[in-house]
Structures are given as structure tokens and as C-alpha cells.
S.K.: 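The structure is given below, and queries will be raised subsequently.
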Amino acid sequence: MMKISLDTISEQNAFLDQVERESGEDLSRCYQCGNCSGSCPVSFAMEIPVSQVIRFVQLGQERMALQANSMWLCVSCLQCQARCPKCLDPSKVMEALRRMSLRQGKGPVALAQVPDGFLERSPQQAVVAGFRKLIP
Amino acid sequence: MSKIGVFVCQCGNNIAGTVDTAKVADEAKNLPGVVHTENCRFLCSSPGQQLVKEIIKTNGLDKVVIAACSPHMHEKTFRKASEEAGLNPFQCEIANIREHCSWVHEDKTKVIGTEKSLDITRMTVERVRRNGPLDKIRVPVTKKALVIGGGVAGIQAALDIAEAGHEVILVEKEPSIGGQMAKLSETFPTMDCSQCILTPKMVEAAHHPKIRLYTYSEVESVEGYIGNFTVKIRKKAKSVIEELCTECGECTAKCPFTAPNEFDSEMGKRKLIYIPFPQAVPAIPIIDRDHCPKYVKDKKKCGVCAKVCGPNCIDFDQEDTFVTEKVGAVLVATGYEVMGVERFPEFGGGRYKDVITGLDFERLASASGPTGGDIKRPSDGKVPNRVVFIECSGSRDESKGVAYCSNICCMYTAKHAMLYKHKVHEGQSFIFYMDIRCGGKRYEEFHRRAVEHEGAVYLRGRVSRVYERNGRLLVQGADTLSGSQVELEADLVVLATAVVPRIGAKDLAKRLGISYDGYGFYNEYHPKLRPVETATAGIYLAGACIGPVDIPTSVAQGSAAASKVLALFSNEELSREPVVAEVNTATCNACWDCETACPYHAIQREAVKDRAGNVLRYVAKVNEGVCVGCGVCVAACHSKTIDLRGYTDAQIYAAICAL
Amino acid sequence: MTSIPYYPGCTLNTVAKPFDLSARRSLKLLGIELAELAQWNCCGASFPLTPNNIIGLTGPTNVLIQSQKAGGTVSTLCSFCYNTLRRTNQVIKEDEGRRTVINDFLGTSYEGDVEVVHLLEVLRDRLGFSELKKRVTRNLKKLKVGAYYGCTLLRPKSAAIDGGETTRIFEEFLEAIGCEAIEFPNRGECCGSHLAMSNEEVVVRLSGAVVASAQAFGAELVTTTCPLCFYNLERSQKAQGSDTLLATRSEAVSDPLHGDWLSRPRQCLSPSGRGQTPRADAGKGVSPPMREEGDQTPGATLPVLYFTQLLGLALGLPEEELGLGENLIDPRPVLRAKGIVREQLVASS
Amino acid sequence: MKLLTRQHLDRWVEAMLAEKVRVVGPVTRAGQPVYAPVDRASALDFSQVIGRNSIKDFLFPQTEPVMLYTIKKSSVEMKDVGGAGQWPDTVLLGSRACDAAGIAALRSVFVWQGEDDPLFLDRYERTTVVTLACARGDRSCFCTSVGLAPDATEGSDLLLRETVAGNFAVEPVTDKGEKLVARWASHFEEGSESFRPVVPPPVIETSDVEKILAWLSDPSHYQDAVWAEHAAKCLGCGACTYVCPTCHCFDLTDEGGAFQGERRKNWDACQFDHFAAHASGHNPRSLQSQRWRNRFMCKFHFYPTKFSAKGCVGCGRCIRVCYVGLDIAEMMEKVSGLAEANPRHQPSAIS
Amino acid sequence: MSWEPKIVAFVCNWCTYAGADLAGVTRTQYRPNVRLIRVPCTGRVDPLFIIKAFEQGADGVLISGCHPGDCHYISGNLHAKRRWIFFKGLTDFVGIEPERIQYAWVSASEANKWAKMVDQATETIRGLGPFTKYHALKGTGTAANGGACPLLVWSEAWQPGIPDEVPLPEDAPFVPALREKARELLEKGEVKVVIGYGWAKRQRRIVPVFITEPGDVSRLVFNPLCVNNLSVYLPRKQGDIAKLGKPAIVAKGCDIKTITVLLQEEQIGRDGIVILGVSCSGVIYRQELWAGKAAPDLLAPKCIGCDVQTPRLADHVVGEPVARSVEQQGPSEVQRQIEALDRKSPGERWDFWAEHFDRCIKCYACSQVCPLCYCDRCITEKNNPQWVETSAHPQGNFSWNLVRAIHLAGRCTYCGECDRVCPANIPLNLINRKLAVVSEEAFDYRSGYDEKAHPPMVVYHPDDKENFIR
């Protein structure tokens, strides 16, 4: 079990505020029911399930939230959004985190991973949408 | 000219600290009509009150102004004192120079406080000069109560009132009383059988000399006001003459047709002339006119029941009948329903037979249920080896429009897990939950028992979907404690669906003139201090029609509401605050704006007749029994034909002019 | 011959040409002309999720403005485009702030009043499925077809077709053209979408599950409204009797980002509800869906068709006009088996 | 005879104004002829037939305070207002014969058997009425049918007649008139010019105030159908009474705060539905026709018999203002006709 | 001592009064300028209170009660809210600065909100300065200062009736049919009187006529001079007409709008009258100005944008359906003036109305001719208390005109009779129309179209929109 320091949460929780501003979602509404993690088709590949990512954001744990691969795996299929009992949209949070991470110069080494000849074969939308994620 | 006494209270330093009370008293002396002023230390103390009384007597005062704390504090106190001194209590007015002055303007020079206190006192004196004596309104009380809803809350209330010796009319829309509790198998946390504790009460209610039971009946209309309601009850046609029926059950036995039994969530069958469940009270059968060939077109005539009925009490042509009753109080205990599975497409609700509600599970577990108490799943009647319970199905789920917690699910789901374990020893139950809320006596212990001794696996998280694979149900969800997504097979999925108000709850509320919240639960007069009363005098609430509650609370509320009714019945007549509207019939234009505006339907139409008794026209009349004195009608009246006693135009005008 | 403005989108102009062509040709037969917008651009494929990403909205907005010029309605085939346009429209309609910014930027005054419809809606609401049924000339012999919606047609509710996950429009369409619609659990589950680019193994798993689920429910074919789903569904399958994925790389995939998640120990629960560590009978217990059987990519390949290809078939178009041959998994054997298409034609190709 | 030349008229007015005399006369406001105080001679305009407001406004204003009161601890302090000296000397210059007669009628009410209204009296005494004979009338004028004429002198102090030369022949009617001329003698000169011919409005042949009076004095006609028949359309707006030169009814009302205020005297109108209502709530004139009957009788019966004054001076304003075209002259014809039908009623001696 | 704002607060007993108590209990300090008047519910607060407060020297008024939904009396505050929406529309329109009347929801627990509100109100009103322009109204004004006359202007033409030289308008083609129907009704005894239009005896003008004999139906006419709204003769108040028996009334579409309201408010029974609807293509506002044709500038304001040329609800309709003519295309002059006024500053609006009300002579003709002012005893005739001062000084005039307007809010069908009759030519159409607009915008309610509906002032909707209650 890891140990995190909550000293970052003082009067104002800068990280939380920024994520909320970026995503337009009010994360204080999230009561951690876990349905996003439960519904996420990519959960199995995530180092940290969606709900925990959000938890870390709630706790102002920038490093924990940003270092996980979770946000890069999110394809905004909106299962989470459809299931959230509090009508939140985690995909927006993921997007926000991606952009924040990218602005810090941290991104997935995705280009290298593009399969050979993929660009020719694949539907553009895959490429466009795929790279959209990489725009800070 | 009136003889007014002004009493200025120092309230220790609370007022005197920032108000020169002596000055206030002095200057008040010069106000028109003021014959005596006092400046005392603690007016509300018994010597203080004594002083007020003496001065009223010795100076023959006819009006009193108390310049002290808020009327919400001591208006009653001083009006009582004035009354004891022989004044009409409404000749006493409070000038609030503490909360509204001395406490909020801490100016040690006392300039501001004194000036404002003078203004307040002056306005009050001018106002009190226009006060007339008001006498308490007395309305006769019909000592008979109507209880709507024959669930456990209603039964309890009815019994309590009847035991106190008053007549009770108990109206139940189903063929039998018992309500939802009658459907339950065992009850938490004691695990005693629901029927065993409820049935005696049902029977007692049915046979109580003071209780008249109207089953399969509904309240059509309620008119009148506290102490004097007139209710119209529709007795739906049972097609059976109750007076003759001996409850022998022959007809049911011989009826050749069956239909799904609503009482068993349609998991079991019943005859077309039937009683919903064996312990039904009364056990008088009714004919299901939706299915019985006698009523359904182009089907052969049957009529077996009529043939076999000894006292031949079968009446195929029976029609709905209406009874009108006069009652003094109405007690609403219409209970709840649970959200249907069809509201949960993501769980395959309605698509998969083996996705059921908690209430359905109660029937499966109930000895009198369709399976005789064996847990068999609806689809194929197999005994499920893995049962998944999903709590908060619809509850605390704004995407389903329900933000509240349904309160009873945590407990009954734990109970279900136990019942299941007791009946299917090798079975395994999984329970998805968000939080466990067991804030009742012996509740937490009960829950832990389910975990520690009955092997229920609690998974902290929500379920996102239930779907079918290889003929089995798969439940996909999260276990946030392990931080992982989980998926598991289930033979039966039980949704603890949200507790919601009865369909038609809002209609009834409109008929009764009581208010309800956004969901359709009835509003208490005050959520804490008057939890079983409504804003409409004479109408009381009990049970789950107020909000999700468990059996103990329902019963407690039933008794609480009953005690309110009994308090009302303890007087020959009821006396009410005389602050009500009154109409100057001479100048009423009969535009009925007041009637439309009145939230309490307190405006009636009164005929103006000539000597010969011919109706010339109609004018508005205030029903003092119903009026609560809000004054909406007064503001609505263009010609100022209605006025509000205690807050008359003249009084307010005077206060304004004394600015 | 009525005509309706039509926004093809990038993909239908290139790799998904058969989708586009089959649609145009079929609709012509039905007396509806798909009038391609005079001028259009990429919709951006994915809807910009963060509120402050306004530039991402300008693309779709421009498409909408072009549509307005064309008459206030626009039809799409590709669910991605459908989704992006609908959601953008919503923002423009409801968020005055962003509306003004965008309009100022584009020098326009768009209010968000264009009606974005999917071809399925056109068929149902303009033509009518009952009418469509009458127009069918080739008997599809109750071909068992799984209707795969994917995500973008169904979510979010507010922009979804028929308000989302409970819709049956796709199934009704299939029934109208003489197929038996297979309503399978994964019809709305994700195919992996653009992860095809970066995390293929994820796509293989997700699409695999979709295909498997459809097959398990007896589908002989899957049909889709989205080129990317189409791509993913096809390529997550193994060639007949082979073990290699049709996907680009069949070698065991490794994590492109952070190495070790595959080997991360997982929580398992035995039926008794206790035991913690993985056990032989983990399969019977709760476990992450990593190793669930049936989740594996299907053994037998399952042809994937654009719904317009099926439509064309039903309307009697020759299959070369429908580009059936260009599908990675040739559907014709199945069709032949059913006797829907004639032998020699198939032979000739 | 005395003459007032055009030039002198203006000088005279200016002179009076200079002496703080209030000069009220016909002026044109928004194209409308009205009687109003003037601040310069050039404002006066004698070309119009008649001012819209009655000139009574200047002796009996629509609203005026009559006393101030202060409520004390156990008493009320009262203070009169008005009375001597409050009003400036006033010259009503260019009043018409009908309006002047109206003033006479008002005086007979407000100064009656020693029961004098000080406010009215004060103004009256300080006011000199200088009437200018009409050169023409209009469709609504009917002074000639109530025994007046464009150059009648009833109620006037001084009568001016236009001469062919465009000057004014001056004819003092009362001492007040004499005094006025005397005080401003320098503006008047001796001379002799022939009058410009006066065109009186046509007499309503079928109307006769004597007959009307006779018919009205028969109580049995009180309930006659003619009233409802004629006045059913009346809406009781009271505009007629507000412009009538002889209507004098007023109401007293207290206004102010809790501790002090003023008692005001405001015009009232017998056409208002609750004008005659009793405290009991009973309303002896609950119907509009009854209220209109009252007005008609007031003009042609009560005034003549009680104050021996003219109740109606034929200015025709009530006809002009009536919103539903209620025409008093029409009624005069009707009633005269009825009087023809049944001759004078002889009251039998009470036994 | 320097001037201090004097503010009166009307607060409900259950929420705001208690909230103020709590402020005391918690010793929350705030400005001493407010004097509270306790009422059971904001629903009790009558606009009269506010007007009177200003007359009595208040510089500002606060009104506050329970939050919507929390009303101790179910819906009192929601009724109040409606009333305020109307009243604010009015006070803004006559140029009373919005800050002078402030509305808020303050619950029993919102001591701080109360304190903050009082402080803010005190300061904003201090900023505005004393409300002298209202207080000073008393005792000024032309009618008041000893008989300088108000400018009486009945119309541009001093003479009633149409000059002899001008040709009279021709009867509408359907007049014979109208007479026939009238005769039939009278002969069959279905009605005892037909209320209609006819020529005056001595003057060349149209006046109301009351036909009781089948023989007299020939007196009935209809032409562009028939502007009067005859429905004023229907309510009980008009005893003379009532005595005649069941009436038939000749009514234009617009008149029927008024009849509709009378039905709503049960002043007449639908089967107590027979409505002879006449289709109408516009009438002249002031008939004496008739110059041979119905020129646009002569049309009654109500005719501009009229949508009831063909009457609804009538028992019998005579005349062919007519469409809105070119002349009747809006927006009307009235509409333009309203918009112009709305663009002005409160100060300018105030001056505009002060100048007009100054002329009011309190003859009450406006209410006498109003078919909807049917009160047996008008509030002006009630003197215990005397809410509306009867003297024709501007202050009394102001309160009278405000009260008249608010009493007609949501009911007035804009027939324009008050405006037409006003001897002082006060543009009452502007006020009436303005409040109609408020009603349309706030409640989507147009008066006179649905006899089943209730007047908007006495009903409410839980989510009535407003943007001024704090």
C-alpha cells in the first residue's frame, strides 16, 4: 500500500481546481461509486481505474493522476458518462489530464507505435482522433 | 381615545446596553393614546409580567405595547399576561427593539439604538391603536377519523385511534389490507416472519368494532376542513356481495381459469375469482374483470363461481358504489412502491427474466409466495447458485432522477443474502454496494452477520452492465476497494430498486390539498418539529408516503399521527388563532380572484338573498375553519373587500404612516 | 426524386469508398439523392471534450454552416461525423459564450439550428421502413445479422440517435430489408476505436469481444455504420482456420506505454468468497475479464458489412457495385451459402 | 360711452400685471382655448368661442386645503388656512356671459343666508369679472334658451363689447366694475363707436325653462320613464360636472401622516355612483338615470327654487365633453314636450 | 444632522422576520436605516403598501419573504412573485429607480443575507439621494395651486360630432343583416334589449343606443365611427341596463375580448347575454376627426395589429370575415412610444409621467368608462384607510394612476376607452399596453382570448421567470 501526503490540499486545491476548470466538470460531485471503472471497456489495460484517477485528482495528487497510462487509453466511448449516477463525464476529465500532461511535455510515445502501413490502410478518423489526443 | 400602555424592557443590558430605554419610555408618553409607560429590567420575568398585569388593571389600559424582544420569543407570553389582566390578548403588540435593534446596532452612545427603538415603538403604538379584540375561532369536531391506506402504518394508526374509542374509516385500494409488509418474508433485524407479526394486527383491525374497513376502495374527494371533512369513497365492484360472503373459498377453488398474481409480482398464478394471498383480510374474493370470460368479449360464458357459491353472493352486474362519510381528521398512509426493473435497460431489466427487484425476491423467499419459500429463479425455476444483489439501483442516482437514499435497501439486502444462504446452503451471494447505511438499533450487527457468518461477498462499487453470454448472466462492475473492474456470472440478479411514491400520490395530494416534493413524497408541516402533520390543518401523514422508511418507523409514525388525531379529538370543539381573513359582503364584486388565489380553498360562495329568499347574487365568504391567515386573498382583492384580522389594512396603513 | 444534403466526411472519400458508393446507389434506387455539400471539411473525428478547446469546434461548425446553406438539414453515414456534428450543434445552441466566440472567429452568425440526421433516420423518417420493405427486390432470406451500433451512435444520450442505448432503429432497418436482426449484448460496446493506432492489442480484445458476442448470439454477419468500427471488427479476427490475426501485427502485443501491466497480480475471488491469490479455479470466481473464455477472438471469421451494402443487396444492386469484394473478410461465401447471391457471379470474382 | 382701445387693452393688462394683479383670461394651449392666468398681455386670445374649463376654477378650485391639523397626545390642534389676504386681486378678463352668470349662481350657493364660505368669499371679493360679449356661438351653445344672451350682464362687473373699429365699448355693471375702470382710468377714453353685430346662438324653439320647471316640480314625474330612456347610456364619469360653471358640490377629506395632515376640499360629482350613498350603505340614487335626473333637476329646479338662480347657463360644455353624447339640450326639448302633454301640476293643500 | 435614507421593509413572519431575528441573535451588525413591518406572508403585501410608504416619506422599500418552495402557506410567495413582476414592470416604466424597491428571498437562517441586503440597499439608496421627487409631489401641481386650470383636451376638435360639411361614413354592408337579427331576437323575446350603435339626435356623431322595440331596429348602424366599447354596459353596476332584461350586444372582436374577461371574472354569465359579433376592419379613434375616410393615422390604436377582425365567441356573426388591412399593420404608434420610453433613463421616464399625471383632475372618467373597473365600490371610495388620496394633487394622481394600472394588469384588453375619455389627455394606453407586454413576456398570457383561463395576477406557475429578486 502506498502512502501519499495530503499536504497539497490546503485552502485551495490548485490541481483539482485546474482539472475542474479544464474539464468543466465539478468533481466534488463524484462520490466514488466506481461505476466509471466498472463500465470502462479499457479498464483492464489501465494501471489505475478511472474512478481512482478521479480520486487522486480530488486529493490533489497530480503526480499519481498524470503518471498512469489510464488517460492515454481512454477513447471517450462515454460508457462512464452514460453510467455515472451523478451525471459527470469522466472522458472530459481524461482529456483535461491529457492536455495538462502534454503541456508538461509528457506524452505517450505513440508515433513510434503506429503499426507499419497503418496510415494507408486505416480510416483517417482513427489517425485524426488518435492524434487529437496528442494536442495540448 | 384608547388607553395604551407602553412597556420598555431593558433585558438586562441586552437592550439597555445600546438603547436608552428610559428615554424611549419617556418619549412614548407623548404619543397619542398613550397613558402610561414603564421602563423595566426584565419584563418577561414573572415579576415583570406581574407588573404589566397590575399596571393594566390599575390604569384601566385597553391596549398594550411591549417594546422588548422578538414576538417570536414572547408574544404569546405577554398576550397571555394581558389576557389574565382582563384584556383581549390581541390588544397586545410587541415592538421588537432587541433582535431588530439593540443587538444589531452596537453603538455605545446609544444614539442610533434609541432613535430606532423610538420609531419601532411609535409604529407599534399606531398599529395597536387599530387593533380590535379578536376571539379564538371555535369549530366543532367530528370525532371520526379517515385513514387512507391499509399498510402497517395505516393499520397501526387506525388501531390506536379506535382503541381510544373513536370511530375510524380505513380505506384500502387493494382487495386486502396489509400493504407492502404483507408481501415480505422475514423482517430485519429480528428475522421474524412478516406475516406472523402483521396478520394479527390485520385481523384485529378488521374486527375492531370502531373500525369500518373499505377494501378495494378509493377516496374520490375530500371537502371541508379540520374537524369537518366530508369524504366520498368509491367502492370498486368486487362482483361479490360482501355482506353475504362467508369467505368459504369454494368459488376460488372451482374457478377454472388463472392469471398472473400481481401480489406475487406476477411470478405466480391466481384464479380469476381470488383473494390476493391466503392471509388476506378480508378474505372476501373479487372477480378479475380484465380476464374473467364473463366480462372479456367473445369468450364462452363460465359462471362456475356463481354455481358453486352457497349463499350465492356472486353478482356479475355489481357496479361501483359510493359512500359519503363525515370525519374530523384525515390520516394519509399511502405508502410506497419500488422502481420497476424496466427502468434498468443496462441491467437487462425487462429483457432477462432473472433480473428482479428486491420486493420480487421477498415473494420468492416468502413461505406464502409462488415458490412456497424456495428460492427458484423465474426463468426456469432452477435454484440459483450465484445471486448478485445490486444496491442503490436507481437510488442516489441522479441520472435516474432520484438523488435520495432509499434508506431500507442496505438492511433488506443483507437480509436477502441471509435468507438465500439459509435456503440455498451452497449458494454464493455477491452484493454490490456504495455505502452501507445501518443507522438503526441492532442494524450494523445484522449487516456484519451477513458478511461474517453468512458468507455474503460485499463488493464496494456499482454495476455498469448485466449481459448475457453463453446463456448465463454476466455482471460487470467495479470493486473500488481493490481498484479493479470485476465481472462475474450470476444465476439471479436482484436489484434493490429505489423506493418511490405510489403512482397517483400526486392526484390524491391535489384532492386533499396537501403539498408534495419534487418526487411526489408528501411534505411534512415541519421536517423536524411537526413530522406527521401537513400544512393543511386536520390532515396527517404516516409511513413511506412521506419518504422511504422501514417498518419500525412506519409504525412509530402511525402512532404519532394517531396521537395528533387523538389530541384533536380530545376537545368538543377546536379553537384556532383568530388571524383569518374576513369579507365585507356589502362591497364584494364576486370576481372570485380571492377564490382562485387562496392556497387553501378557504373561500366559499355565499348567496345574498332578499327578504323573499330569492338569491340576488353570490359573494365571497371565508371558511374560518380552513383559512390560515396568509392574506394572499387580501392582496388579490382590488376593492379591498377582504381584510385580514390581526394584520388589517388599517393596522399596516397606520404603521406606514407612523414612519 | 427528392434530394437531401449529404456530408460524406473524409473516410468515406477514401478507405470507406464502398460505404459511400453503396449508399448513393441504393438511395438513388429509393428516389432519394444524396446531395454532397458544395464545400466541406473534416469534422475533426473526435468531439473536443474540454470546454476551452474552442478551435476544435470551428471545423464541425463550418460543416454545419455549409449544411445550413444547403437547406438546414444534413445527413451523415459515418457515426463519428454524426456524433461530432450533433454535439457541436448542441454546444452552439446552448452555450451562448462559445457560440459568440466561434461566430466572431468565423465571421458568421450560426445559431445551431441545423438538423443533423443519420442515414438510418432518413430511411425511417423520410422514406419509412414500411415503404422500404416494399422496395426490397432481393430476398435476404432472413440472414442473421448482428446490428453493431458502437459508441458514437448511442452516446452521449443528449446527442444520440433516438436518445440512446434503448433504440432499435438498426434492428428495425435490418428487419425491413428482410434480415433477421440479432440483438446482441455488445452491440453498444466499444470496438477500441482509435487505439487501433497506438494500442492494437486493446482493440483486438474489445472488437474480439464484440464479434464473439455477436457470433454467440447466432449472427452470420455483423453490420456497422462506422468505418473505424468496420476496420477494427474485421482486423481483430483470425483468418479462417489460421491463428494469425487479420490485424497488422499478429505477434503477441506488448504494452506501448508502461511495461508491466499485463503481469500485474490481480484480485481473484473463489466462490467461497475468501481466497485472495489467483487459483486454478479462478475462472469460476470473479476476475478481471483478462482470461475469460469467449472473450478471445473468434475462431470462425465473421464477415463485417456496412449497413448500406446490405441495403444495396436488398434493393437488388449487383454486388460489385457494392464493393463487397473489397471487404477484408469476403461476405460472399456466407451470402452464397444462403443463396442470396448467384454462384457464377461469385465465381467470376 | 367709455372705450378701451386695442393698444390700451395690452397696456392695461401689462400695467395690472406690474401691480401684481392676477389676470386670468382666454389663452391658447396646445391649440386649445382655456382660461388661465397670463404673465403677459400678448398671451391673451379672444378669438375663440369659449374656454374649455369653466372659469369657476378661479373662485372654487378643484382642490384646496381648508385646515391643517396636528394630533397631540390626547387632543387635536387645528389651524385654518386661507381667509383674508391669501388671494391676489384678480381680474377675469374676457369671461363669457354664460361663465359670468355661472359665477353668480355659485355665489348664490356659497354665500347663502349668512352661511358664507370664507374661502369662496375671499376670492370673490378680490375678483372682478370683465365679460366680453360673444361675437359668435357654436353648435353646442344655447345660452339664449336659458334666458341669457351673448351680451348678458348677469354676474359680470364690467361688460366689453367689440366695436366695428375693433376696440371695446366698456359698460360697467357693478360698483366693482366702476372701481376697476376708475382705478385704471388712464387706459379708458370717452368715445362713440358702433358695436360689431353679435350673432346669438339659435334659440331651441321647443325648449322652455318655465315649462321644464313646472313639469319637474311635479313629484309624480320623479319616476318618469324619460329619465332612464334618456340617461341609460350615461357612464357617470362626471366630466360634465367638472366643466360646469355652476356645479358646486365638493367633498372634504383628510390627508397626511399619523400625527399631522391637512383637510382638503375637493370637487365631487353627483354623477359618481356613491355620491349620495349613506353610511348605512343604502344608496338613494343607485341608478345612473337617477343620478342624471338629479343633475337635471338640480339645474332646472333646485337652483331656481332654492337659490333663485340659474342652474344652467347654456355654455354647452357638458355637451361638448360627453363621451357618450348625452345632450342636455336634447333633454330640455324632451321635458318641455312632456310639459305640453300634461299641464302644470297644482299642489293640493296638505290637510 | 445629515440626511439618512429612510427604508421600509415588508417582511414575512416566517422567514425574513425570523432571519432578521437570527441576525440579532448572532449580533450581526448592519445599517439602522430599515424599519420592518411584519406581515404573515409576502402574499399579503399589496402594491398599495409600497406606494403609501413613498408618500409617507420613505426613500426606499424592501420586500422579502421565504424562498420559493419554502412558503409557510404553500404558495403565498409565488403569488407575490407574480404580483411583483407586474408591479416592477409598472414602477420601472413610470421611472421609479429600480433600486428604490428591492425584492429578495431571505430564509430564517440567512441572517447574513439579510444584513448584507440591508447594508447594500441603504448604500444604493443613499447613492440615489432622498426620494424628494415623490415626496414633493404633494401640494404642487396646477390643479392644486388655487385654480390654475389643468389643460383639458378632449380631442383635437373642440366640437363633438362631425362638422356639417364633412360627409358621414356609409353603413357597413351587413347592417341590414344586423338589424334583421336584432329584430328577430327582440320579437322572439330571446332578449329584451339590443345594445348597439346609432346616430345621435341633435349631433352628427355615433352614440350607444338601446333598442327595446323590434320597430326601432332601424336605428342600429355600424361604421368606422363605432369605436365605443359597449361591453361597459354589461356589468351589474349598470343598473339601468340590467333592469331592461337580458341584453344582446353588438360587439366588435376587440369588444368581445373585454367580454371574455368579464366572463372569466363571472361578472356576466355566458347565457345571460347574446353576442352579436360584427366583423370590423378598423374604427376611428376620435370620431369628430372623421374626414371622409378611415385614414391610418385616425385609426384607434387597438386596431393596429388587431387579430380579431372576425369576432370569436359570438352567438351570431354578421359581415364577411376580413383580414388585417394595410393600415392595421404594426407596430402601432403606442408601441413605438413605449419602446422610446423604455430606452430613456428612469429620470426621463419619471419626468414624462410626472408632467402627464400633473394634469389629472381625478374625475375618474378612466375607471368609469372601463368595462373592467366594475367594482361596486372603488378603492378610491374607501376611506378606512384611504389608500389613494382623492385630491387632484400630483401625489394623489400618481398613486391613483399606479393603482388603476396595477388593478388592470393582465386583465386590460387595451380597448383604449380610458385613454380616449381622459379629459386631461393622459396617455393611459402606454401604461396599459406596457403591462400587457409584461404579461405576455413573463407569463405568455394575452388577456381576452380564453374565457376559461384565470387572470395571471391571481394564479402562478412554480417556475415563473424573473431576474430581479435577490
Side-chain angles (χ1 to χ4, degrees), chain A residues 1-4 25-59 61 63-65 67-71 73-94, chain B residues 339 343-349 388-406 409-410 430-437 458-467 469 473-488 490 493 495-498:
Chain A
M1 172 159 281
M2 76 186 111
K3 178 176 173 191
I4 55 176
E25 297 292 299
D26 171 3
L27 294 183
S28 63
R29 286 172 52 74
C30 169
Y31 54 26
Q32 285 294 324
C33 69
N35 214 348
C36 40
S37 308
S39 57
C40 180
V42 200
S43 279
F44 69 89
M46 290 182 174
E47 289 164 330
I48 302 175
V50 187
S51 53
Q52 282 188 3
V53 173
I54 291 176
R55 185 62 188 155
F56 281 126
V57 175
Q58 287 177 320
L59 295 176
Q61 300 299 310
R63 202 177 57 77
M64 296 304 298
Q67 77 177 10
N69 66 347
S70 311
M71 57 193 176
L73 288 164
C74 170
V75 290
S76 59
C77 70
L78 300 190
Q79 282 284 18
C80 46
Q81 184 264 4
R83 294 283 165 268
C84 179
K86 301 292 285 182
C87 308
L88 292 167
D89 185 348
S91 73
K92 292 188 174 162
V93 179
M94 291 299 181
Chain B
M339 219 181 239
R343 289 280 305 277
F344 302 87
E346 67 273 32
F347 297 161
V388 172
F389 296 90
I390 305 177
E391 297 205 41
C392 294
S393 297
S395 309
R396 304 171 66 191
D397 184 343
E398 287 162 34
S399 69
K400 289 268 193 292
V402 173
Y404 57 84
C405 161
S406 287
C409 321
C410 289
F430 299 90
I431 299 171
F432 282 92
Y433 71 100
M434 286 206 292
D435 302 286
I436 294 299
R437 300 182 170 177
Y458 273 74
L459 300 164
R460 200 267 166 210
R462 268 184 177 268
V463 168
S464 65
R465 67 191 276 239
V466 175
Y467 65 103
R469 194 172 64 201
L473 289 178
L474 256 81
V475 179
Q476 178 189 329
D479 174 51
T480 60
L481 298 183
S482 66
S484 46
Q485 188 178 56
V486 293
E487 185 165 74
L488 63 158
V493 177
L495 310 180
T497 58

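All figures in this text were calculated on a predicted structure; none of them were measured in a lab. Reminder, nothing fancy here: chain letters follow the sequence lines and each chain counts from 1.
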S.K.: Apply side chain to side chain contact (heavy atoms under 4.5 Å, CB included) to the pair A/R83 and B/R462, showing each step before the final yes or no.
M.R.: CA-CA 9 Å; A/R83 294 283 165 268; B/R462 268 184 177 268; over 6 Å; no

S.K.: Is the side chain of B/E398 donor-acceptor paired with the backbone N or O of A/P85 at a distance under 3.5 Å, no angle test?
M.R.: no

S.K.: For the CD atom of B/E346 and the CD atom of A/Q79, what is their distance to the nearest 0.5 Å?
M.R.: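 Taking CD in B/E346 and CD in A/Q79, the distance rounds to 10.5 Å.
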
S.K.: Going by the side chain to side chain contact (heavy atoms under 4.5 Å, CB included) test, name the single residue among B/C392, B/S464, B/S399 that passes it with A/N35.
M.R.: B/S464

S.K.: Looking at B/D397, B/T480, B/V402, which makes the most heavy-atom pairs under 4.5 Å with chain A?
M.R.: B/D397

S.K.: At their closest point, which heavy atom of A/C33 faces which heavy atom of B/M434, and how far apart are they?
M.R.: CB-SD, 2.9 Å

S.K.: Considering residues at least two apart in sequence or located in another chain, which fulfil the side chain to side chain contact (heavy atoms under 4.5 Å, CB included) criterion with B/R343?
M.R.: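 Result, side chain to side chain contact (heavy atoms under 4.5 Å, CB included) vs B/R343: B/M339, B/K400.
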
S.K.: Of all of A/S39, A/C40, A/G34, which one pairs up most often with chain B through heavy atoms under 4.5 Å apart?
M.R.: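 Among A/S39, A/C40, A/G34, the one with the most close pairs to chain B is A/S39.
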
S.K.: How long is the gap from OG on B/S484 to CE on A/M46, to the nearest 0.5 Å?
M.R.: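 Reported value, rounded in 0.5 Å steps: 14.0 Å.
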
S.K.: Relative to chain B, which segment of A/C36 carries a heavy atom at a distance below 4.5 Å: side chain, backbone, both, or neither?
M.R.: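 For A/C36, neither part sits under 4.5 Å from chain B.
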
